[in-house]
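As the structure is a computational prediction, the values presented were derived from the model and not from experiment. Every number for a ligand or one of its atoms is a count from 1 in the order of the listing.
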Amino acid sequence: MAVYADVIVDITNEKLDRTFQYQVPEEMELKIVPGVEVEIPFGRGDRLIRGYVVETTDRPAYDPAKIKKIKRIVPGRVPIESRLIALAAWMRERYGSTMIQALKTVIPIKKEVRAKQKRLIRLDLPVDRARTYLEELNRKHCTARARLVQALLNEPELDYELVTKKLHITPAVIKTLEEQGVLSVQAEQLYRNPVRPSDRQKTQVVLNDQQQSVVDQVVKDWEQGLRRTYLVHGVTGSGKTEVYMEIIARVVADGRQAIVLIPEIALTFQTVLRFYQRFGDRISIMNSRLSAGERYDQFERAKNKEISVMIGPRSALFTPFPNLGVVIIDEEHELTYKSENVPRYHAREVAIHRALTEGAMVVLGSATPSVDSYYKALRGEFGLFRLTDRAKKNALPHVYVEDLREELRSGNRSIFSARLQELIQDRLQKKEQVMLFLNRRGYAGFVSCRSCGHVMKCPHCDVSLSMHNHGRLVCHYCGYEEPTVKKCPECGSPYIGGFRAGTQQIEELLKKQYPQAGVLRMDADTTRNKDGHEKILAAFANREADILIGTQMIVKGHDFPAVTLVGVIAADLSLYTGDYLSSERTFQLLTQAAGRAGRGDVPGEVVIQTYQPEHYAVVTAAAQNYEEFYQQEILYRTISGYPPAAHLLAVLLSGADQEELDRASGLLIRQVPRELEGLTVIGPAEPAVARINDIYKKVIYLKHKKYDTLTEVKDHLERYAMEQPLLEKINMQFDFNPMHAG
Ligand SMILES: Nc1ncnc2c1ncn2[C@@H]1O[C@H](COP(=O)(O)OP(=O)(O)OP(=O)(O)O)[C@@H](O)[C@H]1O
Ligand SMILES: [Zn+2]
Ligand SMILES: [Zn+2]
């Protein structure tokens with residue numbers, strides 16, 4: 001059978017989907033795979049040009065007699081483009097998508113956008129005068145200006161964006177200082193080739209024994225040509241970032257490049273500055289605010305080896321470094337590493353695959369490693385290192401767990417426990433700051449008893465049931481339903497229902513109870529406007545308010561030294577999100593929230609409020625005991641057959657016509673090859689949100705011990721869908737080991 005190849009001739013073009021089909025000469029058949037660079041006759045004159053194979057097929061797109069033949073495979077070194085196309089092909093197969101969707105994920109799209117001019121802020125005062133000025137600002141409590149001058153004293157040149165977005169300083173403040181002659185704002189050209197006056201040696205710390213031992217072992221492997229994945233489990237503040245930088249420095253010294261993935265929310269000014277001080281303009285920072293043009297420029301600079309280190313969120317993983325040496329993934333447990341767009345890839349898996357094919361290593365780091373990575377580390381798949389001590393020796397905060405059932409029993413109906421109220425009062429008096437955290441993630445419609453803590457769960461899936469609009473309790477995995485209860489089946493109490501508490505409600509209560517307190521609220525409502533996010537954080541950093549209320553947006557990466565109390569209003573909100581990750585997520589959120597308290601000189605306190613004080617996620621988080629949490633959690637995953645003990649594939653179906661969708665999902669579920677041993681089929685069920693904008697949704701779950709079995713099923717369903725007219729009207733997407741609730 002003849003084989004045809006779709007070839008792309010200009011991958012920098014916006015139209016990645018413009019491919020041209022060629023016939024593959026028989027002798028090349030085994031070598032023609034996605035990514036291979038080929039020479040092809042092109043256009044009327046059949047002039048020879050180069051292109052890349054993106055896909056092969058046995059179906060000709062048009063009359064086979066008119067399809068030209070590939071001339072030859074371009075010999076020599078495999079260009080980075082080839083490797084990225086091969087990576088896209090791997091992602092397509094592993095996660096399920098079209099080749100074009102995969103290519104668009106991996107390859108930056110060049111648009112005719114004029115890149116915005118980058119600006120730089122430079123200190124214009126001599127250092128001693130700047131110091132005097134800083135003292136004066138501090139005396140007058142001009143906190144925003146003081147913070148900027150302090151930052152400029154640490155690093156005399158700063159990226160403008162960095163200062164406004166990450167240091168939370170408003171343009172007005174910069175303007176004022178500029179008018180006073182303290183600093184000047186300059187344009188990009190100067191930025192690109194800056195004279196770097198700062199003495200970098202000064203900022204380099206001496207690694208402690210634990211840190212040094214990690215670096216030594218990784219470097220030893222590196223020098224011996226061993227390429228592995230490592231997991232660094234280090235408590236908050238244990239100095240993981242220093243370890244990363246040391247490893248990067250070693251790799252860069254060999255002429256290789258490094259990618260550092262950091263969740264955008266944790267990509268704070270302090271972090272960026274540390275990399276900047278160490279590697280100067282060999283680094284580049286990526287964030288989601290960059291225009292397509294800016295992103296493209298950055299990738300070009302990476303390809304041309306103008307930079308050696310790329311720092312950014314998930315998509316920075318595709319930086320086209322020609323000679324990649326290491327990929328670092330900080331906060332590797334973060335959900336944002338899993339893409340919510342097709343192909344729904346996980347950056348950790350893709351990083352490991354990319355590293356494998358390019359001879360690079362991978363370093364994962366977290367204070368609360370994902371159960372998935374820890375499982376692999378314990379099995380020897382990843383090298384495991386532990387950093388058990390804080391580098392600066394300041395103590396971890398004291399954690400109180402407050403039982404909300406007890407509060408109810410003793411007549412306290414407020415959403416603040418007696419302990420939290422007392423501690424808030426104390427901090428207001430001492431003029432220290434408080435963060436209150438409502439861990440609402442996604443849709444949490446669980447039903448629980450406020451008297452005994454009982455939670456309504458699915459009898460088949462061991463996840464919490466969700467209350468739906470139609471007044472029934474539904475399991476998001478298997479579709480099991482039961483009527484809403486009026487009385488607690490455990491204790492008979494009438495106080496059973498959905499948990500309802502919003503950030504706005506908390507704000508109103510606080511204002512009533514502590515009229516003297518300045519309160520800021522950060523949630524989807526208050527951050528809707530452009531820069532709303534930054535303005536709130538800036539105001540809090542400037543101590544314009546005593547209390548900051550927020551959702552998970554406030555727990556990550558922000559360093560507020562005056563915060564000495566953190567309250568978690570209801571740990572239960574993330575304990576029962578109706579999916580198998582809820583305990584893991586809760587443990588991480590509680591640990592991270594606790595990590596916000598006592599970053600300065602005064603030790604911190606944390607109050608965790610819950611109806612389930614005996615839940616292992618709460619107990620182990622309060623004790624800061626990861627090992628114990630992991631042991632309990634892996635037991636649950638193993639018994640219930642959830643990842644990493646088994647793999648889960650969600651087949652997401654959607655369509656505008658409910659009746660068609662029902663028929664299509666019925667057809668599809670009958671196509672699942674049930675004879676495959678060990679395969680569990682669940683559904684079709686309604687997901688958490690069963691209808692959005694009049695588009696109906698259904699989900700089928702497939703479970704198996706082996707990932708590859710699930711990709712086989714996926715391939716089978718894809719083929720079936722292409723031939724079945726009804727399924728053409730239905731949108732079908734695959735999500736392997738889904739991480740987003742519902
Ligand atoms: N060996 C060291 N000697 C002195 N200070 C250190 C050392 N290593 C790290 N530090 C300092 O300790 C603080 C915490 O270090 P770092 O941010 O690297 O920790 P981390 O593990 O990445 O923290 P987190 O998990 O909170 O992000 C930083 O201020 C850093 O400069
Ligand atoms: Zn009860
Ligand atoms: Zn169920």
Region of Ser238 that comes within reach of ligand 1 [heavy atoms, distance under 4.0 Å] = both
key: Distance, nearest 0.5 Å, that separates CD1 of Ile247 from CE of Met245   = 11.5 Å
inquiry  = Just verifying a value: how many Å separate Gln588 CD and Ser366 OG, rounded to the nearest 0.5 Å?
reply    = 6.5 Å
query = From Gln277 CD over to Asn154 CG, what is the distance, rounded to the nearest 0.5 angstrom?
reply = 6.5 Å
task = Among all protein heavy atoms, pick the one closest to atom 8 (N) of ligand 1 and tell me residue, atom and distance.
result = Gln211 NE2, 3.0 Å
ask   = Relative to each other, are the rings of Phe446 and Tyr576 parallel, tilted or perpendicular (30° and 60° limits)?
value = tilted
key: Thr236 and Thr591: CA distance, side-chain angles, deciding distance, side chain to side chain contact (heavy atoms under 4.5 Å, CB included) verdict   = CA-CA 9 Å; Thr236 49; Thr591 308; 5.6 Å; no
task = To the nearest 0.5 angstrom, please state how far the CG atom of Leu590 sits from the OG atom of Ser574.
result = 6.0 Å
task = Check each atom of ligand 1 against the heavy atoms of Gly239 and keep those under 4.0 Å away; list them by number with element.
result = 9 (C), 15 (O), 16 (P), 18 (O), 19 (O), 20 (P), 21 (O)
ask   = Does a salt bridge link Asp216 with Lys220, judged by any charged N lying under 4.0 Å from a carboxylate O?
value = no
query = Identify the closest protein heavy atom to atom 5 (N) of ligand 1: which residue and atom is it, and at what distance?
reply = Val205 CG1, 4.2 Å
inquiry  = Rounded at 0.5 Å granularity, tell me how far CG in Leu473 sits from OG1 in Thr484.
reply    = 4.5 Å
inquiry  = What I want to find out is whether Glu633 reaches Arg637 closely enough, with some N-O distance under 4.0 Å, to be called a salt bridge.
reply    = yes
ask   = Please state which protein non-hydrogen atom is closest to atom 29 (O) of ligand 1 and give its distance, to 0.1 Å?
value = Lys392 NZ, 3.1 Å
message = Tell me whether Thr241 has any N or O atom under 3.5 angstrom from an N or O of ligand 1.
response = yes
inquiry  = Which of the numbered atoms in ligand 1 are under 4.0 angstrom from any heavy atom belonging to Asn208?
reply    = 1 (N)
request  = Mind telling me whether Tyr626 and Phe629 have parallel, tilted or perpendicular rings, with 30° and 60° as the class edges?
outcome  = tilted
ask   = Ignoring waters, how many protein N/O/S atoms are under 2.8 Å from the Zn ion (ligand 3)?
value = 4
key: Steps toward side chain to side chain contact (heavy atoms under 4.5 Å, CB included) verdict (Val260, Val309)   = CA-CA 7 Å; Val260 183; Val309 185; 3.9 Å; yes
task = Using the side chain to side chain contact (heavy atoms under 4.5 Å, CB included) rule, take Val235 and Gln624 through it: C-alpha gap first, then chi angles, then the decisive distance, then the call.
result = CA-CA 9 Å; Val235 298; Gln624 326 240 357; over 6 Å; no
message = Counting non-hydrogen protein atoms only, what is the nearest one to atom 25 (O) of ligand 1? Give residue, atom name and distance.
response = Lys240 NZ, 2.8 Å
request  = Please report the C-alpha distance between Ile311 and Met286 in whole Å, then the side-chain angles of each, then the deciding distance to 0.1 Å, and finally whether the side chain to side chain contact (heavy atoms under 4.5 Å, CB included) criterion is met.
outcome  = CA-CA 6 Å; Ile311 303 173; Met286 227 167 109; over 6 Å; no
query = With a cut-off of 2.8 Å, which protein N/O/S atoms are close to the Zn ion (ligand 2), if we only count those under it?
reply = Cys449 SG, Cys452 SG, Cys488 SG, Cys491 SG
task = Using the six-membered ring wherever Trp is involved, compare the ring planes of Phe385 and Tyr230 and label them parallel, tilted or perpendicular (cut-offs 30° and 60°).
result = parallel
ask   = What part of Val206 sits under 4.0 Å from ligand 1 if we count only heavy atoms: the side chain, the backbone, both or neither?
value = backbone
query = Which protein heavy atom lies closest to atom 28 (C) of ligand 1, and at what distance to 0.1 Å?
reply = Arg274 NH1, 4.0 Å
ask   = Which protein heavy atom lies closest to atom 24 (P) of ligand 1, and at what distance to 0.1 Å?
value = Gly237 N, 3.6 Å
message = I need the nearest protein heavy-atom contact for atom 7 (C) of ligand 1: residue, atom name and distance, please.
response = Ala391 CB, 3.6 Å
Heteroatom proximity flag, Glu331 to ligand 1, N/O under 3.5 Å = no
Location of contacts on Arg390 toward ligand 1, heavy atoms closer than 4.0 Å = neither
query = How far is atom 31 (O) of ligand 1 from its nearest protein heavy atom, and which residue and atom name does that atom have?
reply = Glu242 OE2, 3.7 Å
query = Between Ser370 (side chain) and His333 (backbone), is there a donor-acceptor pair under 3.5 Å?
reply = no
Main-chain N/O of Leu261 paired with Tyr337 side-chain donor or acceptor, under 3.5 Å = yes
note = The side-chain hydrogen bond (donor to acceptor under 3.5 Å, both in side chains) partner of Ser417 among Glu402, Glu406, Gln609, Glu407 is Gln609
remark   = ligand 1 to Leu207, heavy atom cutoff 4.0 Å, flagged ligand atoms 1 (N)
